[in-house]
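This report concerns only the one structure given below.
Note that these values count all heavy atoms, side chains included, but never hydrogens, waters or copies made by symmetry.
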Amino acid sequence: MDTGNFLAHVHEGMKVFDRQQHEIGTVDYVKMSDDNPATDEPEQVTAEDDDGRRDSLLNDIAEVFAPDDDLPEEIRERLLQAGFLRVDSKGLLAADRYVMPDQIMSVSGDAVVLKVSRDELMKRN
């Protein structure tokens, strides 16, 4: 499976495992890429855009990220452009995590296997 297509095969409720096959949690949310496939560069949105894309981006940020997420805006925008998974981590006090598409090794059945460890993922505070 092409790594660019991993997100298309992921759905909420799938189990997520790190590179050592330890279960991290379950997929809580899937956000597909906002990149324009016709270009090599991520789609840039400026205040000068008059087709509503800036408002759409701001609405996406408000909808996807909790107000108390302590992620810098540039990280939020990167996640929205590349797409990501939000993982509901196992454990009562465990912080949820964000997974970028390039951190996914494979998707099969009801499992997502990552190329990285849990500690290498961005935390949701």
Side-chain angles (χ1 to χ4, degrees):
M1 182 182 309
D2 178 22
T3 58
N5 294 327
F6 278 141
L7 292 179
H9 299 281
V10 177
H11 57 83
E12 291 178 14
M14 294 180 82
K15 292 186 178 190
V16 180
F17 299 87
D18 70 7
R19 67 174 169 226
Q20 296 176 337
Q21 301 297 315
H22 297 120
E23 186 176 346
I24 294 173
T26 58
V27 175
D28 182 47
Y29 185 85
V30 179
K31 173 70 173 100
M32 299 301 290
S33 169
D34 282 344
D35 283 351
N36 180 347
T39 67
D40 291 334
E41 296 296 319
E43 188 173 338
Q44 297 296 317
V45 179
T46 67
E48 297 167 2
D49 291 338
D50 57 18
D51 61 2
R53 289 187 314 174
R54 176 116 178 115
D55 288 339
S56 175
L57 177 63
L58 294 175
N59 289 340
D60 284 347
I61 289 172
E63 181 179 312
V64 173
F65 301 105
D68 59 345
D69 279 357
D70 193 22
L71 293 173
E73 187 171 337
E74 59 271 5
I75 298 296
R76 291 179 188 209
E77 288 184 19
R78 181 174 156 221
L79 286 168
L80 288 172
Q81 288 176 349
F84 65 91
L85 305 178
R86 187 173 61 214
V87 178
D88 182 10
S89 295
K90 287 179 65 171
L92 185 59
L93 300 176
D96 293 347
R97 309 289 173 141
Y98 292 104
V99 177
M100 300 285 292
D102 63 351
Q103 294 175 312
I104 300 172
M105 181 183 306
S106 66
V107 177
S108 67
D110 267 348
V112 178
V113 180
L114 306 180
K115 299 176 186 177
V116 297
S117 71
R118 171 191 196 126
D119 294 335
E120 294 175 80
L121 298 173
M122 287 179 272
K123 290 183 186 179
R124 178 180 188 186
N125 295 329

>> Applying side-chain contact (heavy atoms from CB on, under 4.5 Å) to K31 and L80, what does each step give before you reach the verdict?
In response: CA-CA 7 Å; K31 173 70 173 100; L80 288 172; 3.6 Å; yes
> Yes or no on salt bridge (charged side-chain N to carboxylate O under 4.0 Å, His left out) for R86 and D28, after CA distance, side-chain angles and deciding distance?
Replying inline: CA-CA 5 Å; R86 187 173 61 214; D28 182 47; 3.0 Å; yes
> Would D110 and H11 satisfy side-chain contact (heavy atoms from CB on, under 4.5 Å), going step by step from the backbone distance to the final call?
Replying inline: CA-CA 9 Å; D110 267 348; H11 57 83; 3.3 Å; yes
> Could you go step by step and tell me if V107 and V113 meet the side-chain contact (heavy atoms from CB on, under 4.5 Å) rule?
Replying inline: CA-CA 6 Å; V107 177; V113 180; over 6 Å; no
> Hey, mind stepping through S89 and R118 against side-chain contact (heavy atoms from CB on, under 4.5 Å) and telling me if it holds?
Replying inline: CA-CA 9 Å; S89 295; R118 171 191 196 126; 3.4 Å; yes
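Closest approach of F17 to K15, counting heavy atoms only: CE1-CB, 3.6 Å. Residues P101 and A82 share a closest heavy-atom pair of CG-O, 3.2 Å. For Y98 against L79, the heavy-atom pair with the smallest separation is CG-CD1, 4.1 Å.
No side-chain donor-acceptor contact under 3.5 Å links E77 to the backbone of E74. Listed for the S33 side chain is no donor-acceptor partner under 3.5 Å among the backbone atoms of G83.
One finds the CD1 atom of I75 at 6.0 Å from the CE atom of M122 (value rounded to the nearest 0.5 Å). Here S117 contributes atom OG and H22 contributes atom NE2; the two are 10.5 Å apart, rounded to the nearest 0.5 Å. Distance check: L85 CG to E12 CD gives 10.5 Å after rounding to the nearest 0.5 Å. The distance from the CE atom of M105 to the CG atom of L114 is 8.0 Å, given to the nearest 0.5 Å. With values rounded to the nearest 0.5 angstrom, I24 atom CD1 is found 10.0 Å from R19 atom CZ. Atom-to-atom distance recorded for D96:CG and L121:CG is 11.5 Å, nearest 0.5 angstrom.
The residues E120 and K115 are annotated as not salt-bridged, no charged nitrogen and carboxylate oxygen being separated by less than 4.0 angstrom.
Proximity of T26 to V16: side-chain heavy atoms (C-beta onward) are nowhere separated by under 4.5 Å. The shortest side-chain heavy-atom distance between V99 and V27 does not fall under the 4.5 Å cut-off.
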